[in-house]
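For reference, the structure is listed below as structure tokens.
When a ligand or atom number is given, it counts from 1 through the structure's own listing order. No experiment lies behind these values; they were computed from the predicted model shown. Below, all heavy atoms of this structure are taken into account, side chains as well, without hydrogens, waters or symmetry copies. Here, residue 1 is the first one in the sequence, and each next residue gets the next number.
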Amino acid sequence: MFKKHAMNQKRVVIVGGGFAGMSCADKLVNGKGNGNVHVTLIDKNNYHEFTPLLYQVATSALSSGDVATSFRHYFAGKSNIDIKMAHAISVDPKTQIVKTEEGESYQGDYLVLAAGSTVNFFDTIGAAQYSFPLYSLVDAERLRSRILAVFEDADRRPRLIEKGALNFVVVGAGPTGTETAGAISDMLNVALPKEFSDLALKKARVFLVDHSHTVLGAFSKNSQEYAIKALKKRGVRLKLGLLVKEVALDHVLLSNGEKILTRTIIWAGGLKAVPLANNCGLPQEHGGRISIQPDLTAEGFPNLYVIGDLAAGGKPLPQLAAVAKQSGEWAARNILAQMGGKPRTPFKYNDKGIMAMIGRNAAVAEIGKKRRELKGIIAYLAWLGVHAALLSTVRQKVEAFIEWAWGYFSHTQALQILDRADAARIKWDDEAKEK
Ligand SMILES: Cc1cc2nc3c(=O)[nH]c(=O)nc-3n(C[C@H](O)[C@H](O)[C@H](O)COP(=O)(O)OP(=O)(O)OC[C@H]3O[C@@H](n4cnc5c(N)ncnc54)[C@H](O)[C@@H]3O)c2cc1C
């Protein structure tokens with residue numbers, strides 16, 4: 001099951017190759033002292049996904065290959081890592097064995113759990129069945145197909161607009177929801193008018209719903225006000241201070257009784273730990289996240305680390321890529337320290353700030369611990385630069401810049417690939433008859 005490794009090498013099994021797992025593996029495989037370590041990286045996919053740019057795949061600004069990196073390609077030529085594409089279903093912290101759905105078991109001298117989080121529908125009626133979550137590459141591709149399908153359907157049958165074909169409802173006004181609402185509006189205002197000359201795009205509506213009375217909750221009041229103004233300028237209809245009570249096949253019902261007809265409900269409304277967290281025999285906290293000690297290990301299990309979105313404990317840290325990445329590097333550092341007979345140290349997060357894109361020429365950024373505020377085109381350029389720099393490979397960085405520049409100057413979103421037939425097929429008439 002494992003590649004042959006030297007007798008004195010310690011085996012580290014990492015579950016999850018997101019920001020946390022990848023940075024941990026990277027440091028162990030490529031860092032100092034790597035001759036003593038053999039890593040097995042288990043992920044249910046064969047690629048790492050760059051979640052901050054998923055909404056751009058969903059809105060045809062970037063392609064899947066721009067935001068997903070093959071693990072095997074990334075670690076090609078490294079003899080001290082095995083990649084296993086498998087779905088972990090349980091972890092025994094005492095024996096340090098990970099079991100997979102495919103029937104294999106993996107045991108490590110050290111275990112690192114980095115399986116992240118998944119969508120939380122908060123038991124909202126119909127949300128799991130009828131909404132489009134945006135948490136993975138598959139989600140982004142399905143959503144892209146649905147967005148493109150409603151335009152195609154409404155172009156053939158304009159009366160579908162009255163049935164809400166061109167209404168887009170985004171649930172959750174955090175960065176993902178805000179960025180998605182802004183990007184769909186930009187599609188409607190900038191790219192599509194040239195392509196759908198017969199379609200009444202002016203009748204399209206983008207709604208952004210949140211139970212809070214503002215958008216971008218983690219940002220300053222200034223940034224929030226700027227974002228609200230920029231969204232309204234793009235025509236986004238804000239439904240703030242409201243809950244989604246029910247999601248149905250053809251509409252969304254809000255807590256004030258308002259019903260919005262739509263076939264595209266985008267769920268960016270919450271996170272919880274992945275189901276694996278419930279099968280590890282470890283104490284859990286808010287959202288099912290696993291409790292950890294300041295040094296990122298689980299209490300009573302000094303060789304078992306939990307990092308990234310899956311972990312909670314002590315001073316709560318935001319569920320951000322930067323936190324996950326840094327915690328992965330820190331876990332690797334602690335493992336190497338343990339192997340060298342040195343003590344583990346408590347994780348310290350180096351907060352470099354937060355940023356969110358609203359749309360063309362409009363973004364907000366709060367830089368560093370002091371939260372120096374930037375907005376407008378400067379924040380927009382900073383956002384593009386930072387996100388391109390964070391992509392995993394040089395090819396992706398170059399391609400993302402080409403796509404962005406091409407789209408920006410040509411006013412197009414060329415990657416309109418309707419490739420997920422399951423999400424695109426809408427049985428408008430059959431379903432109407434059923435009612
Ligand atoms: C749409 C979206 C946009 C975001 N935008 C931003 C942003 O702009 N800036 C920011 O800082 N943060 C952003 N975040 C948050 C950020 O993505 C997370 O905080 C970060 O990904 C957490 O990293 P992680 O490694 O803990 O988990 P993840 O990145 O979720 O990685 C978990 C990995 O584990 C794998 N996995 C899960 N379960 C199993 C299993 N049972 N068996 C095997 N493998 C498994 C998954 O395939 C995945 O590769 C965004 C998140 C989303 C969903």
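For atom 10 (C) of ligand 1, the closest heavy atom belonging to the protein is Ala321 N, 3.4 Å. In terms of protein heavy atoms, atom 8 (O) of ligand 1 is closest to Pro52 CB, 3.3 Å. Scanning all protein heavy atoms for the shortest distance to atom 37 (C) of ligand 1 gives Ala115 O, 3.1 Å. Of the protein's non-hydrogen atoms, Gly16 CA, 3.3 Å is the one closest to atom 34 (O) of ligand 1. Scanning the protein heavy atoms around atom 49 (O) of ligand 1, the nearest turns out to be Asp43 OD2, 2.6 Å. The shortest contact between atom 23 (O) of ligand 1 and any protein heavy atom is with Ala324 CB, 3.3 Å. The nearest protein atom to atom 27 (O) of ligand 1, hydrogens excluded, is given as Gly116 CA, 3.4 Å; this is a heavy-atom distance. For atom 14 (N) of ligand 1, the nearest non-hydrogen atom of the protein is Thr51 OG1, 4.1 Å.
Under the side chain to side chain contact (heavy atoms under 4.5 Å, CB included) rule, Val91 has a single partner from Asn279, Ile97, Leu282, Leu276, which is Leu276. Looking at Asp82, Ile14, Val98 one by one, the single match for side chain to side chain contact (heavy atoms under 4.5 Å, CB included) with Thr40 turns out to be Asp82.
Applying the side-chain hydrogen bond (donor to acceptor under 3.5 Å, both in side chains) test to residues at least two apart or on different chains, the pairs with a partner in residues 355-364 are Arg360-His411, Asn361-Tyr408.
For the residues Ala58, Gly18, Ala88, the heavy atom positioned nearest atom 41 (N) of ligand 1 is part of Ala88.
Looking at ligand 1, you'll find an N or O of Phe19 within less than 3.5 Å of one of its N or O atoms. On a distance-only criterion, Leu320 and ligand 1 share at least one N/O pair closer than 3.5 Å. Every N/O-N/O distance between Tyr47 and ligand 1 stays at or above 3.5 Å. The shortest N/O to N/O separation between Asp309 and ligand 1 falls below 3.5 Å.
Side-chain contact annotation: Ser212 with Thr214, donor-acceptor N/O pair under 3.5 Å absent. In this structure, a donor-acceptor pair under 3.5 Å is present between the side chains of Asn278 and Gln284. No side-chain donor-acceptor contact under 3.5 Å links Gln96 and Asp109.
For Trp267 and Phe121, the ring centers sit closer than 6.0 Å to each other.
Close contacts between ligand 1 and Thr176 involve ligand atoms 1 (C), 2 (C), 3 (C), 4 (C) [criterion: under 4.0 Å to a heavy atom]. Residue Asn45 has at least one heavy-atom neighbour below 4.0 Å for each of these atoms of ligand 1: 47 (O). Close approach of ligand 1 to Ala114 is summarised as follows: ligand atoms under 4.0 Å from at least one heavy atom of the residue are 32 (C), 33 (C), 34 (O). For ligand 1, the atoms closer than 4.0 angstrom to any heavy atom of Gly308 are 26 (O). Listed by number with element, the atoms of ligand 1 under 4.0 angstrom from any heavy atom of Gln319 are 15 (C), 19 (O). Listed by number with element, the atoms of ligand 1 under 4.0 angstrom from any heavy atom of Ala86 are 42 (N), 43 (C). Numbered from 1 in the order shown, with element, the atoms of ligand 1 that lie under 4.0 Å from a heavy atom of Leu134 read 1 (C), 53 (C). Distances below 4.0 Å separate heavy atoms of Tyr135 from the following atoms of ligand 1: 53 (C).
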Apply side chain to side chain donor-acceptor pair (under 3.5 Å) to the pair Ser60 and Gln416, showing each step before the final yes or no. CA-CA 5 Å; Ser60 308; Gln416 296 171 36; 5.5 Å; no
After noting the C-alpha distance and the side-chain angles of Ser220 and Asn222, does the key distance pass the side chain to side chain donor-acceptor pair (under 3.5 Å) rule? CA-CA 5 Å; Ser220 72; Asn222 266 345; 5.2 Å; no
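In this structure, His48 and Phe19 have perpendicular ring planes: the angle between them is above 60°, well past the 30° mark. Taking the six-membered ring where the residue is Trp, Trp404 and Phe401 present perpendicular rings, their angle passing 60° and hence far from 30°.
Side chain of Glu246 to main chain of Gly126: no donor-acceptor pair is present (N/O by atom type, distance under 3.5 Å, no hydrogens or angles).
Ile378 pairs by the side-chain contact (heavy atoms from CB on, under 4.5 Å) definition with Leu374, not counting sequence neighbours.
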